[in-house]
Amino acid sequence: MEIQEAVKKLKENNKLLSAYYHAMGVLYYDFDTVAPKNAVGGFSETMATLSEITYKLSVNEENFKLLDLLTEHEAELDEITRREVEQAQRGLKLLRNTPMEEYIEYQRVQSEANSVWHEAKAKSDYSLFEPVLKKLVDFNRRFASYAEPGQDPYDYWLNEYEEGFTQEVLDKYFEKVRSALVPLIRSIGEKQQPESGFLHKFYPAWKQRALSDHLMQVMEINRDDCAIGETEHPFTTGFNKHDMRITTHYYENALESSMYSVIHEGGHAIYEMGNCDELTGSPLFGGASCGMHESQSRFYENIIGRSKAFIELVFPKIKEMFPEELEGVDADMFYKAVNRAEPSLIRTEADELTYSLHVLIRYEIEKKLMHGELDTKDVPAEWNRLYKEYLGVDVPCDREGCLQDSHWSGGSFGYFPSYSLGSAYGAQILHAMRKELDVDALVKNGEIGKVTEWLREHIHKYGMIKKPAELIRICCGEDFDPDYYIKYLTDKFSELYGL
Ligand code: ZN
């Protein structure tokens with residue numbers, strides 16, 4: 001086959017896959033937002049049929065040959081096509097090297113694990129989940145050895161989620177996080193917490209919906225390109241730069257919850273809306289990695305959204321909407337309340353300061369599991385020990401301990417670090433941005449679009465064309481450096497708590 005012809009075939013295949021993913025994504029969004037409860041049967045059936053079609057479109061000898069041919073001639077390809085081939089090979093490596101029967105068995109165990117985990121969590125009984133977790137750990141260790149024989153299994157999985165990252169880099173990263181944050185959190189523990197009860201008065205959902213509209217307007221999100229829905233757990237999905245969907249959840253006794261979900265998910269949406277036009281319909285549409293995606297959502301949520309400048313910008317409007325609930329509260333009190341830092345049990349509810357320690361605990365446990373140094377039976381004891389040591393909290397039960405996250409039940413080991421890396425990327429990106437922009441002044445004046453413009457030019461437009469480490473170099477002019485994150489947190493929280 002001529003290279004020209006092979007490229008044409010690749011693009012046709014991508015177009016077809018992209019159309020299927022678009023359809024499946026809309027079905028999923030519909031199912032999670034507005035479909036009636038009993039839609040589940042038909043929905044699952046249709047999704048299974050469509051997944052089989054997309055699976056067969058990628059996993060077949062003809063496609064393997066096509067990708068191998070293009071890989072051999074990669075020097076002749078343009079940058080986007082070359083990266084499309086590289087990513088497709090990456091995605092197929094595991095499937096091509098794993099015996100079919102084992103892979104099918106793995107998928108069976110995975111779906112079993114999901115329902116077992118739900119039950120174990122509801123009953124707060126780890127012993128129900130342990131046997132299936134053990135199987136998943138074994139599968140993951142074996143699959144890593146099929147895909148990359150001779151490589152450390154945890155390094156293999158880390159690289160799957162955050163391309164280019166290994167334990168060597170992450171050990172150093174987390175060591176810095178641990179040694180700086182554990183003492184900082186301890187000193188804050190001795191200080192008085194700011195008043196925050198006003199965030200938990202009654203905030204009717206219909207009024208919070210109006211606040212969401214206002215926040216999206218402040219973020220300069222074009223509503224003709226981005227819709228908002230309501231789900232149990234907020235998420236973002238996108239099909240092309242003119243069709244993004246974010247969701248939120250309204251708790252009438254917690255103003256902060258939906259407010260920061262909208263800003264966080266809005267950040268994810270802004271990232272993809274800023275992709276360059278060439279990526280429409282390409283598998284490279286989206287974000288460079290999980291960590292880079294989180295870096296953008298957390299940039300808007302924490303670095304912008306929890307800054308003094310932002311609170312000064314939005315507080316008058318919030319107060320106008322909720323005059324009775326916020327009687328006697330000023331912008332400074334609001335700023336302090338939304339930045340409370342307190343060790344807690346649940347990762348997804350953790351504040352900006354303590355968040356990375358939750359991730360570090362999971363990193364240490366996964367590392368030992370992948371190396372066969374920790375028996376799955378001993379996970380709860382190790383979990384509880386680390387929570388006490390790093391965060392100073394006692395874990396009362398497994399539901400609020402090692403059964404809280406769904407990741408392991410889905411067979412994901414190595415995903416967690418990207419959550420923390422996202423925050424660290426964000427702090428380094430802020431440092432680079434400040435060399436060119438007066439970020440605080442722009443935010444205070446309601447010119448967040450200028451911040452977005454900078455991010456678009458340095459990060460968003462590339463979609464998945466560049467790897468995360470490469471993007472950091474392009475954007476910041478140097479390699480990834482966790483010191484910016486440590487300094488950002490130390491400065492912000494020392495000031496907040498008067499240390
Ligand atoms: Zn996110």
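As the structure is a computational prediction, the values presented were derived from the model and not from experiment. Atoms within a ligand are numbered from 1 in the order they appear, just like the ligands themselves.
Judged by distance alone, the side chains of Ser356 and Tyr419 never bring a donor and an acceptor atom under 3.5 Å apart. Asp225 and His242 share a side-chain donor-acceptor pair at under 3.5 Å. At a cut-off of 3.5 Å, with distance as the only test, a side-chain donor of Tyr154 or Glu366 sits close to an acceptor on the other residue.
Between Phe322 and Tyr203, the distance from one ring center to the other falls under 6.0 angstrom.
For residues 268-278, the set of pairs meeting the salt bridge (charged side-chain N to carboxylate O under 4.0 Å, His left out) definition, not counting sequence neighbours, comprises Lys241-Asp277.
None of Ile303, Ile304, Ile448 except one satisfies the side-chain contact (heavy atoms from CB on, under 4.5 Å) rule with Val439; the exception is Ile304.
Inside a sphere of radius 2.8 Å centred on the Zn ion (ligand 1), the protein N/O/S atoms present are His264 NE2, His268 NE2, Glu294 OE2.
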